[in-house]
Every structure is written in C-alpha cells, then in structure tokens.
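Working notes, structure below.
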Amino acid sequence: ATALHIVGEDGSETRRSFASLSARSDQVANFLRSLGVARGDRVLLMLGNELALWELMLACIKLGAVMIPATMLLTPDDLKDRLDRGGVRHVVVASEQAPKFADLPGRYTRISVGAPVPGWQRFEDSAGAPPEFTPDGATQASDPLLLYFTSGTTSKPKLVLHTQQSYPVGHLATMYWIGLEPGDVHLNISSPGWAKHAWSCFFAPWNAGATIFIFNYARFAAP
C-alpha cells in the first residue's frame with residue numbers, strides 16, 4: 001500500500017509503499033549510527049516536505065534518537081538557541097539551509113540533504129549503508145521521542161518533550177477525529193517543524209494505514 005505520495009508543482013511525483021519505507025529507514029538508521037547517532041541523542045531536522053524527511057524520522061525512531069523538528073524559516077540566532085538549549089548533537093538540513101550554521105560553533109554532526117556542502121556529510125551516501133538494522137535494545141514507551149520548541153509568539157520559545165507513547169498513541173485520537181481509514185488519502189498543509197505536521201503528516205495517517213499526500217508549491221494561490 002502507498003504510504004507517501006509527494007507531488008510537485010512541476011508535475012514530479014514520488015511514491016513509496018509502507019514496505020519500501022520500512023526497508024529504506026533501516027538503511028538510513030545504519031547510516032546515522034555510522035556517524036555516531038545513538039539512543040537519546042538529539043537530532044535537529046530542518047527539511048522541507050521531501051522524501052528524506054520521512055526516511056529520517058523513521059530512522060530516528062528506530063535508533064531511539066530524539067528529534068527536534070525545525071522550520072526552515074529559522075534564523076541563525078534561532079538555531080543557536082535550539083542548539084544550545086536543545087542539547088543538539090547532530091543536525092540534518094536541506095543543503096540550501098547549511099550557510100545558516102556557518103557561524104554557529106559546536107561539536108555537532110552536520111549532514112546535508114541535496115547538493116554537496118563542503119565539510120558536511122552527504123545524506124545521499126546513506127544509499128551505501130547496510131540494509132539490515134538491528135536495534136541496540138528495547139525502546140520503552142516512556143523514552144523521549146520528540147522535542148519541540150513552541151512558536152514563541154508572546155515570549156521565548158519553550159521546550160516541550162514528547163515520549164515514544166504521547167504522539168504515536170496519543171494521535172489515535174486525531175485519526176478517529178478525522179475519520180481516517182486504511183486506503184484513505186490524507187492531505188495536510190502544515191510545514192515541517194510544527195507539531196501539526198507530526199500529527200497529520202506522520203502519525204495519524206500511518207496509524208490508520210492511510211496515504212500521506214503532499215503537494216509542494218512555492219506560493220499558495222486560492223482558486
């Protein structure tokens with residue numbers, strides 16, 4: 001069954017089944033492990049709605065790493081705050097976002113997705129990682145999974161930690177509220193980095209066995 005269907009303004013399409021994403025995320029998990037990503041490590045993800053995002057999220061879950069989703073609207077000052085307060089040990093970003101980290105010190109692994117960036121590991125090299133993944137141990141429901149920074153609309157962004165249970169199980173409620181069923185196709189327009197994206201572009205549809213549908217466009221145009 002189709003798990004993910006991404007369509008671009010140019011007519012390009014990417015489709016992946018549940019089985020292929022399961023296998024591919026094993027490979028990505030091995031790639032991340034080879035770069036030092038370990039259980040409990042905090043990984044900042046700053047990507048658009050592209051295939052690598054879902055591959056990386058699944059891989060981090062398998063590793064027991066803690067994801068810090070970040071919108072690509074963040075400035076270098078915003079990112080410095082997240083690196084410092086989030087205790088980030090690894091960052092994975094779209095290549096065009098890499099310059100924002102040029103003046104941000106720290107001993108964190110740098111991985112780029114897309115065009116090669118000097119001094120950064122290439123996510124595309126994950127294609128050569130071993131295909132069989134073996135977890136280093138059991139993952140507990142109480143283990144951390146996601147660390148979100150709030151929007152900071154009225155004050156400095158706060159850190160909100162979610163466990164391996166709170167989102168995957170908690171958003172069964174979202175699934176039932178929306179009415180998702182196996183075989184449905186679900187479109188949600190939230191951008192990566194916001195909590196709603198995890199709710200409705202990851203957990204709720206896949207809890208139901210539904211397809212996540214993404215339409216990527218440069219600018220919204222109302223009909």
Notebook entry, point to check: Can you list every salt bridge (Lys or Arg N to Asp or Glu O under 4.0 Å) pair that touches residues 95-113, not counting sequence neighbours?
Noted result: none
Check: Going by atom types alone, do S12 and D10 pair a side-chain donor with an acceptor below 3.5 Å?
Finding: yes
Margin query: Taking salt bridge (Lys or Arg N to Asp or Glu O under 4.0 Å) as the cut-off, I'd like each qualifying pair that reaches into residues 154-169, sequence neighbours left out, listed once.
Written below: D81-K156
Checklist line | Check: W206 ring centre within less than 6.0 Å of F202 ring centre | finding: yes
Next item on the list: Group every Ile, Leu, Val, Met, Phe, Trp and Tyr by side-chain heavy-atom contacts under 4.5 Å, then state whether F18 and V185 land in the same group.
Entry: no
Margin query: In the structure I gave you, are the side-chain heavy atoms of L56 and L47 within less than 4.5 Å of one another anywhere?
Written below: yes
Check: Would H197 and W54 count as a ring-ring contact (aromatic ring centres under 6.0 Å, His included) if you check the C-alpha gap in whole Å, the side-chain angles of each, and the deciding distance to 0.1 Å?
Finding: CA-CA 11 Å; H197 188 274; W54 281 268; 5.7 Å; yes
Check: For residues 175-186, which residue pairs qualify under salt bridge (Lys or Arg N to Asp or Glu O under 4.0 Å), counting only residues two or more places apart or in two chains?
Finding: none
Note to self: Any carboxylate oxygen within less than 4.0 angstrom of a Lys/Arg side-chain nitrogen, looking at R122 and D125?
What the structure shows: yes
Notebook entry, point to check: How about F215 and Y217: are their ring centres within less than 6.0 Å of each other?
Noted result: yes
Note to self: I'd like to know whether CG of L187 has more than 12 heavy-atom contacts from other residues, nucleotides or ligands below 6.0 angstrom.
What the structure shows: yes
Check: Any chance the rings of W120 and H90 have centres within less than 6.0 Å?
Finding: no
Note to self: Is the shortest side-chain heavy-atom distance between M46 and T71 below 4.5 Å?
What the structure shows: no
Item checked: M72/S191 under side-chain contact (heavy atoms from CB on, under 4.5 Å): CA gap, chis, key distance, verdict -> CA-CA 9 Å; M72 293 199 289; S191 297; over 6 Å; no
Checklist line | Co-membership, hydrophobic cluster, residues L63 and L58, 4.5 Å side-chain | finding: yes
Notebook entry, point to check: Would you find more than 12 non-hydrogen atoms of other residues, nucleotides or ligands less than 6.0 Å from R89 atom CZ?
Noted result: no
Notebook entry, point to check: Should L104 and I68 be counted in the same cluster of Ile, Leu, Val, Met, Phe, Trp and Tyr side chains packed under 4.5 Å apart?
Noted result: yes
